[in-house]
Amino acid sequence: MPTVTITVNGKAVTREVEARTLLVQFLREHLSLTGTHVGCDTSQCGACVVHVDGQAIKSCTTLAVQADGSAVTTIEGLADGQTLHPMQEAFREHHGLQCGFCTPGMIMTAVDFAKNNKNPTEAEIRQALEGNICRCTGYHNIVKAVAAGTAAMNG
Amino acid sequence: MYQFEFHRPKSLAEAAALLEANEDAKALSGGQTLLPTLKQRLASPSDVVDLSAVPELKGISVSGDTVTIGAFTRHVDVAKSAEVAKAIPALSQLAAHIGDPAVRNRGTIGGSVANNDPAADYPSAVLALNATIHTNKRTIAADDFFKGLFETALDAGELIVKFTFPVPKRAGYAKFPNPASRYAMVGVFVAETASGVRVAVTGAGPGVFRAKEIEAALAGSFSAASLDGVKVPSAGMNSDMHGSAEYRAHLVTVMAKRAVAAAG
């Protein structure tokens, strides 16, 4: 079996994996990092979004072996100890979640977006969230949260 | 997903050798189509050859009247390239609206064109801009490349290395995206090129095709108004739960008008 070394949330981990192991399976089942969710499993819903080398990707549509040698950040890696990441804090403050299932993917997408868009319009935020689906229909507050979180990250 | 052997070759020659050594091997680019296909067990390659570490497939350059894009260039890189935006703004616009941001961070132009999904965006740009497809064996003109539903002129084991796009006088792209998948229900790429007006349609039929009726109308005058009343035959167009063939035929003219307006 292939061996992969992936830096996950700052810590290098080396594991043997089957080549067909998805990155999301590696995170959830091999590393017990269950903050990254599987929703549709067809790369449409975005619940599984994590960062690979700083960029938001769908971990249900990436093999663990493709991430060999990369740095992966999951929702567990955002907070600084007990202090929430500004985007997490914005989602809490603006009630950007209802059931919370889509939230990790929403936040990981939003953090990558905020790095590249310092002062986005509401339309740009909505477009950036095209690949993340919230089935509680909570988009209005999610958009508010992303706007506030983007401002906080770039403030 | 079925089991397979995974390879990550470091050169084009090594990648080609791996693919030629085994007819059941499959090339993996961004994986945004191949991995969902494998997950559904619709394909069972013995070997998967990851192209991400092949240096010959990477990079964007603009020289004179030609834009060159390596096959392993991700949609996000085309969308964000200042050089592409300056030379062929319609191409960067197209790249910026494929799928969603996470898909654009993985998916590549080479993967999209080699797969030739009938609703993919890039084949329309390759065909309308009269691009040349450079493989590890030969060069293929866009008019000879696309062979209908998921079929291309590529031989088994043949790899796209890069694309060269002649810079058009002007070009525009407009699509009516499926609201769930963002694939094109109908996408129309119009270009005024050195060899005349070329119009390529994706999403509407079993594969990308040139719309001769639209081309003829625009050859007279490259304006949205010249498309008033122009009808594209619906025969052979896709009919599914998202729209009938007649609806798609109507959308072709509508999207062509928007594309011409976008071309300026």
Side-chain angles (χ1 to χ4, degrees), chain A residues 1-4 16-25 38 40-70 105-106 108-117 120 124-133 146, chain B residues 1-10 25-54 72 74-77 79-80 93 96-108 111 175 177-183:
Chain A
M1 278 201 294
T3 301
V4 294
E16 273 198 344
V17 295
E18 288 186 346
R20 61 179 169 175
T21 306
L22 297 169
L23 180 57
V24 72
Q25 291 175 309
V38 178
C40 68
D41 206 18
T42 57
S43 58
Q44 301 203 35
C45 83
C48 67
V49 170
V50 301
H51 294 181
V52 173
D53 295 330
Q55 288 186 310
I57 61 101
K58 292 184 169 173
S59 62
C60 81
T61 311
T62 304
L63 299 170
V65 286
Q66 286 179 285
D68 187 19
S70 297
M106 288 282 180
M108 298 312 288
T109 296
V111 168
D112 186 20
F113 172 72
K115 280 189 297 188
N116 297 305
N117 297 273
E124 286 167 341
I125 292 172
R126 287 183 184 272
Q127 205 193 349
L129 296 175
E130 275 195 334
N132 293 79
I133 295 174
V146 174
Chain B
M1 206 182 304
Y2 295 111
Q3 283 283 24
F4 52 80
E5 288 286 322
F6 182 80
H7 309 268
R8 190 186 267 174
K10 298 281 193 297
K26 196 90 181 151
L28 171 66
S29 193
Q32 300 302 285
T33 299
L34 180 59
L35 292 175
T37 306
L38 296 182
K39 284 165 71 174
Q40 293 179 70
R41 294 192 163 182
L42 294 173
S44 52
S46 60
D47 297 72
V48 168
V49 180
D50 177 10
L51 302 177
S52 66
V54 176
F72 198 89
R74 301 168 311 157
H75 308 326
V76 65
D77 297 322
K80 286 190 173 171
Q93 278 294 314
H97 292 91
I98 298 172
D100 61 54
V103 168
R104 293 194 289 274
N105 281 339
R106 299 291 295 181
T108 69
K175 76 166 160 176
N178 177 299
S181 71
R182 270 83 62 192
Y183 269 103

Item to complete: Examine whether an atom of A:Asp41 lies under 4.5 Å from a heavy atom of chain B, and if so say whether it belongs to the side chain, the backbone or both; otherwise answer neither.
Response: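 For A:Asp41, backbone and side chain are both near chain B.
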Discussion item. Quick check on A:Asn116 against chain B: is it the side chain, the backbone, both or neither that has a heavy atom closer than 4.5 Å?
Written reply: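 Looking at A:Asn116, just its side chain touches chain B.
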How long is the span from the [atom1] atom in [X] to the [atom2] atom in [Y], to the nearest 0.5 Å?
| X | Y | atom1 | atom2 | result |
| --- | --- | --- | --- | --- |
| B:Arg182 | B:His97 | CZ | NE2 | 12.0 Å |
| A:Thr61 | A:Leu22 | OG1 | CG | 7.5 Å |
| A:Lys58 | A:Leu23 | NZ | CG | 14.5 Å |
| A:Thr3 | A:Asp68 | OG1 | CG | 8.5 Å |

Worksheet item: Where along residues 37-51 of chain B does a heavy atom come under 4.5 Å of chain A, listed by residue number?
Response: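 Those residues of residues 37-51 of chain B which have a heavy atom under 4.5 Å from chain A are B:Lys39, B:Arg41, B:Asp50.
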Worksheet item: Can you name the closest pair of heavy atoms from A:Ser59 and A:Cys48 and give their distance?
Response: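 The answer is OG-O, 2.6 Å.
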Worksheet item: Got A:Phe113 and A:Val146 here, is their nearest side-chain heavy-atom distance under 4.5 Å?
Response: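 Yes. Closest side-chain heavy atoms under 4.5 Å.
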Discussion item. With side chain to side chain donor-acceptor pair (under 3.5 Å) as the test, pick out the partner of A:Gln55 among B:Arg106, B:Arg104, B:Arg74.
Written reply: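 Exactly one pass, corresponding to B:Arg74.
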Quick check for you: among [options], which has the greatest number of heavy-atom pairs under 4.5 Å with chain B?
| options | result |
| --- | --- |
| A:Ile57, A:Val65, A:Ile133 | A:Val65 |
| A:Thr42, A:Val49, A:Thr109, A:Thr62 | A:Thr62 |
| A:Ser43, A:Ala56, A:Gly46 | A:Ala56 |

Worksheet entry | Crowding at NZ, B:Lys26 (>12 non-hydrogen neighbours, <6.0 Å) |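 No, because the 6.0 Å sphere around NZ of B:Lys26 holds 12 heavy atoms or fewer from other groups.
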